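Have a look at the structure below, then the notes.
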2 protein chains.
Amino acid sequence: MSSSKLLKGSLATIVLRLLEEQEKMYGYEITQKVKQLTAGEFKLTEGALYPTLHKLEAEGYLTTETQQVDGRVRKYYSLTKEGNAEAKAKVSELEDFLVNLQKVLNPKLGLG
Amino acid sequence: MSSSKLLKGSLATIVLRLLEEQEKMYGYEITQKVKQLTAGEFKLTEGALYPTLHKLEAEGYLTTETQQVDGRVRKYYSLTKEGNAEAKAKVSELEDFLVNLQKVLNPKLGLG
DNA sequence: CAAGTATACCTAATTTTCTTATGTATAAGA
DNA sequence: TCTTATACATAAGAAAATTAGGTATACTTG
């Protein structure tokens with residue numbers, strides 16, 4: 001993901017989370033959705049996104065379905081049953097991480 | 001940082017932030033401080049921390065001062081003037097990132 | 001007093017996960 | 001016709017960790 005090269009490691013979680021919200025999405029759609037949600041501040045790069053999707057599929061968390069729309073191919077991804085569980089796990093893990101990160105960045109709040 | 005290999009890229013920010021709070025810290029002290037602040041959930045690995053400290057020093061953001069305490073050597077790090085500015089910048093950048101990440105993880109809140 | 005744990009520094013090899021660059025192809029708009 | 005948008009993909013390189021190893025001193029415990 002571009003726009004600050006932060007948070008390496010959260011891309012798979014983001015993908016899984018979006019697919020919890022929306023049953024089926026294709027790669028390009030995911031890039032646009034993230035851009036929209038963050039008012040253009042996150043720009044997923046294709047070089048990061050596609051390998052991540054392929055990896056999640058290989059791990060059994062996503063299934064694909066190809067459709068032809070307006071003469072262009074779209075590859076739709078959906079969560080498998082395992083993917084659903086993984087989504088919950090990863091999101092929860094990330095949220096725990098963020099809570100702890102806040103404790104480090106803002107020590108006063110956590111100890112007051 | 002261990003404990004979930006998330007957030008690659010936030011370690012330098014954490015170090016700079018801690019040195020804003022506390023004038024001088026040495027490496028081992030930083031690992032213990034982070035452990036304490038997160039109730040043991042973040043464990044900085046030395047293989048990540050020391051290279052990060054060296055890099056920040058090489059970039060001119062930290063200065064060092066070695067002390068002998070109880071027969072052991074401690075290398076204290078402090079922010080330079082540039083380091084102080086960099087700390088503010090990095091923390092601000094990370095916080096912006098976290099706000100956007102929340103928008104992606106929790107779309108409902110951001111759009112409601 | 002020997003052994004293990006804690007303190008305190010360090011580096012190297014490897015892995016993970018990005019960015020950057022490139023390639024293919026179709027559709028729409030200027 | 002040329003550029004932008006849509007839509008997929010891979011490969012080379014960089015960044016930033018993990019894992020594993022190394023050195024050394026001090027304290028605790030059996």
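To find a chain, count down the sequence lines: A is the first, B the second, and so on, and within it residues start at 1. Everything quoted here is computed from the prediction, not taken from an experiment.
- Mapping B:V69 and A:Q32 onto DNA chain D by nearest heavy atom places A:Q32 at the nucleotide closer to the 5' end.
- Residues A:R72 and A:A12 both approach DNA chain C. Their nearest nucleotides, taken by heavy-atom distance, put A:A12 toward the 5′ side.
- An OP1 or OP2 oxygen of D:dC8 is reached within less than 4.0 angstrom by no side-chain nitrogen or oxygen of A:H54.
- Distance CG (A:L44) to P (C:dC18): 10 Å, rounded to an integer number of Å.
- A straight line from CD of B:E57 to P of C:dC9 spans 13 Å, rounded to a whole angstrom.
- In this structure, of D:dA7, C:dC18, D:dC8, it is C:dC18 that holds the atom nearest to the side chain of A:T52.
- Contact detail for B:V34 and B:T38: the closest heavy-atom pair is O-OG1, 2.9 Å.
- Regarding B:L49, its CG atom lies at a distance of 9 Å from the P atom of C:dC10, rounded to whole Å.
- Side-chain N/O atoms of A:K55 include one lying less than 4.0 angstrom from OP1 or OP2 on C:dT17.
- Counting to the nearest Å, the C1' atom of C:dT17 and the CG atom of A:L53 are 14 Å from each other.
- Nucleotide C:dC9 holds its P atom 13 Å from the CD atom of B:E65, rounded to whole Å.
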inquiry  = Run the side-chain contact (heavy atoms from CB on, under 4.5 Å) test on B:L62 and B:L79 for me, step by step, so that the C-alpha distance in whole Å, both residues' side-chain angles and the decisive distance to 0.1 Å come before the verdict.
reply    = CA-CA 5 Å; B:L62 302 180; B:L79 294 176; 3.7 Å; yes
request  = List the steps, then state whether side-chain contact (heavy atoms from CB on, under 4.5 Å) holds for B:R74 with B:R72.
outcome  = CA-CA 7 Å; B:R74 282 185 189 167; B:R72 276 189 295 257; 5.9 Å; no
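- At the heavy-atom level, B:G47 lies under 4.0 Å from base atoms of the strands shown.
- Considering only side-chain atoms of B:K75, the nucleotide from D:dA17, C:dT26, C:dC10 that sits closest is C:dC10.
- Formation of a donor-acceptor pair under 3.5 Å by the A:T64 side chain with backbone atoms of A:K75 is not found in this model.
- Nucleic acid contact for A:R74: sugar-phosphate only, since backbone atoms but no base atoms lie under 4.0 Å from a heavy atom of the residue.
- Between A:D70 and B:Y28, the one whose closest nucleotide on DNA chain C sits nearer the 5' end is B:Y28.
- Distance, B:K90 NZ to D:dA15 P: 12 Å, rounded to whole Å.
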message = Pair B:R17, B:E20 - check salt bridge (charged side-chain N to carboxylate O under 4.0 Å, His left out), show working.
response = CA-CA 5 Å; B:R17 177 74 187 95; B:E20 269 187 330; 3.2 Å; yes
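- Residue-level contact check: A:E46 touches the bases, meaning some heavy atom is under 4.0 Å from a base atom.
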ask   = Hey, mind stepping through B:Y28 and B:T31 against side-chain contact (heavy atoms from CB on, under 4.5 Å) and telling me if it holds?
value = CA-CA 5 Å; B:Y28 186 75; B:T31 67; 4.1 Å; yes
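- Between the NZ atom of B:K33 and the P atom of C:dA8 there is a distance of 15 Å, given to the nearest Å.
- Applying the 4.0 Å criterion to OP1 and OP2 of D:dA9, one finds that A:Y50 has every side-chain N and O outside that range.
- Distances shown here put every side-chain N or O of B:Y26 at or beyond 4.0 Å from the OP1 or OP2 atom of C:dC9.
- For the pair B:L56 CG and D:dA16 P, the interatomic distance rounds to 10 Å; values are reported in whole Å.
- Within 4.0 Å of A:G27, counting heavy atoms only, lie sugar-phosphate atoms of the nucleic acid but no base atom.
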